[in-house]
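Along the sequence shown, residues carry numbers from 1. In each ligand, atom 1 is the first atom listed, and ligand 1 is the first ligand listed.
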Amino acid sequence: MHKNRGSVYYGDYLQLGKLLDSQLPLSRKYADVNNGECHDETLFIVVHQVYELWFKQIIHDLNSILKTFSQTFVPESELSSVVQKFSRIKKIQGLLIGQFDVLETMTPMDFLEFRDLLIPASGFQSAQFREIEIKLGLNTSDRQHVDREFFLGRLNEVDRNKLMELESVPSLLKLVEEWLERVPFTNMKNFNFWEEYQKSVEAILHDDEVIIEQNNAHLSEKAKNIQLENLALTRTTFKSLFDVNAHNELIKNKERTLSQKAILNALFIMLYRDESMLALPFQVLTAMMDIDENFTTWRYRHALLAQRMLGTKIGTGGSSGHQYLKRAADNNRVFVDLFNLSTFLIPRSRLPAIPTDVKKQLNFNV
Ligand code: HEM
């Protein structure tokens, strides 16, 4: 218990004077030329401010997660705290997605009453939103369809410098990649897991080939050949896991991000998630996918909101509006490699058994 250091007053502690005095509708300021204050501009401001407050909390939790992963050794006890912080971020994201419902009680006509007063300001300039993106692992240079200059040019100097500086600090994606690379369990004395795994995959693909060849009496020769071609593609995809050149080619083409070692170790965690010592690393990877998915859902929801409010009009920040936002939702993903690991999952019954002595050697405190 902390010693009582004097009386605390609710409004002072929460700085409500500042907080509640921070809604200043432009339509009030320009009421004389704008036919009076627009009732819904207060809602517009409050909703944006609430978003920014939640962004602040996300950054606060993200900073703590980044600190944990910055260590060269991440103790298991700290991993549970990471999982707990990820769960909080996920809950907040739920609110962020749900909050659009409140904003959509404002009709497009009501928005039009004050929209022009906002130009050229836009959520495009939300420095905290960009900070979250960058800290997760989405650098401005990774962005598709947006000229970096266009993007950075819309920020003031302070925000621009801060964000560019953040880009030089390792992101969550980078730190988790390094953490995954340090995971020691896939190549141990007397047990080369990947050799065993490849044998299982080969057997599964062979079974598939037999099914296509023999059990598809109703299929035409052409349809069979298409299926066999697809199977050959699956084989190539599996090979790319183990062929460092193929892997590097995918990285060069921006089809993969994580290093081969990190991907293989992440796959091992996914495959053997039922082992108690892999439960926490599995929860970490799952939480990162959840967060990526929630941001994508937020982006689609926001793109729909923009379409509902603007139709095909351009945004106040000068982008193509709904079209730009939809493309950003499709492309601005961070942990896609983890989603794509599902390609390489195989049924539990075909998993190579981990020898008991190997299980004992495993030390998952990485
Ligand atoms: C009437 C409501 C809204 C409309 C019509 C709208 C529209 C747009 C448009 C058209 C853009 C693209 C950039 C531009 O040309 O301006 C944009 C970007 C953005 N908006 Fe909104 N927005 C609305 C509400 C919000 C709210 C409540 C937030 C919460 C903070 C928000 C956050 C953002 C962010 C972060 C971006 C950048 C997205 C990216 O580049 O991926 N917007 N908005």
Looking only at protein heavy atoms, which one is nearest to [atom], and what is the separation?
atom: atom 30 (C) of ligand 1; answer: Y51 CB, 3.6 Å
atom: atom 26 (C) of ligand 1; answer: H48 NE2, 3.2 Å
atom: atom 13 (C) of ligand 1; answer: S319 OG, 3.3 Å
atom: atom 40 (O) of ligand 1; answer: Y324 OH, 2.5 Å
atom: atom 41 (O) of ligand 1; answer: R299 NH1, 3.2 Å
atom: atom 32 (C) of ligand 1; answer: W298 CH2, 3.7 Å

Need the ligand 1 atom indices (1-based, order shown) with element for anything under 4.0 Å from a heavy-atom of [X].
X: F129; value: 35 (C)
X: G321; value: 10 (C)
X: G318; value: 15 (O)
X: F44; value: 1 (C), 2 (C)

Completion exercise
So the protein N/O/S atoms within less than 2.8 Å of atom 21 (Fe) of ligand 1 come down to H302 NE2

Handout entry: ring-ring contact (aromatic ring centres under 6.0 Å, His included) against F69, all qualifying residues, sequence neighbours excluded
Key =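 Partners of F69 by the ring-ring contact (aromatic ring centres under 6.0 Å, His included) criterion, ordered by chain and then number, come out as W179.
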
Using a strict 4.0 Å threshold on nitrogen-to-oxygen distance, state whether [X] and [Y] make a salt bridge.
X: E157; Y: R160; answer: no
X: E202; Y: R235; answer: yes
X: R348; Y: D274; answer: yes
X: R256; Y: D337; answer: no
X: E131; Y: K162; answer: yes

Problem - Nearest candidate to atom 37 (C) of ligand 1, where distance is taken over non-hydrogen atoms, out of R327, Q307, H322, R130 - result: R130

Handout entry: Same apolar cluster (I L V M F W Y, side chains within < 4.5 Å links), V46/Y51
Key =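 Yes, it is one cluster - the side chains of V46 and Y51 are joined through contacts under 4.5 Å.
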
Exercise for the section: Establish whether L26 and I45 are linked, either directly or via other cluster members, by ILVMFWY side-chain heavy-atom contacts under 4.5 Å. Expected result: no

Handout entry: Lys/Arg cation over aromatic F100: R308, 6.0 Å, 45° cone
Key = no

Practice task
State, yes or no, whether a side-chain contact exists between P170 and E178 at a heavy-atom distance under 4.5 Å.
Solution key: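 No. Closest side-chain heavy atoms not under 4.5 Å.
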
Would you mind writing out the side-chain donor-acceptor pairs for residues 103-111 within the sub-3.5 Å range, not counting sequence neighbours?
from : atom 1 : to   : atom 2 : distance (Å)
E104 : OE2    : R301 : NH1    : 3.2
T105 : OG1    : V102 : O      : 2.5
T107 : OG1    : D110 : N      : 3.2
T107 : OG1    : D110 : OD2    : 2.9

Handout entry: W54 near ligand 1 by a heavy-atom separation under 4.0 Å
Key = no

Problem - M106 near ligand 1 by a heavy-atom separation under 4.0 Å - result: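 Distance cut 4.0 Å: M106 passes for ligand 1.
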
Practice task
Check each heavy atom of I314 against ligand 1 and say whether those closer than 4.0 Å belong to the side chain, the backbone, both or neither.
Solution key: neither

Problem - side-chain contact (heavy atoms from CB on, under 4.5 Å) partners for V158, two or more places apart - result: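 With neighbours one apart ignored, the set is N156.
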
Exercise for the section: Name the orientation class of the two ring planes belonging to Y197 and F242 (parallel below 30°, tilted from 30 to 60°, perpendicular beyond 60°). Expected result: tilted

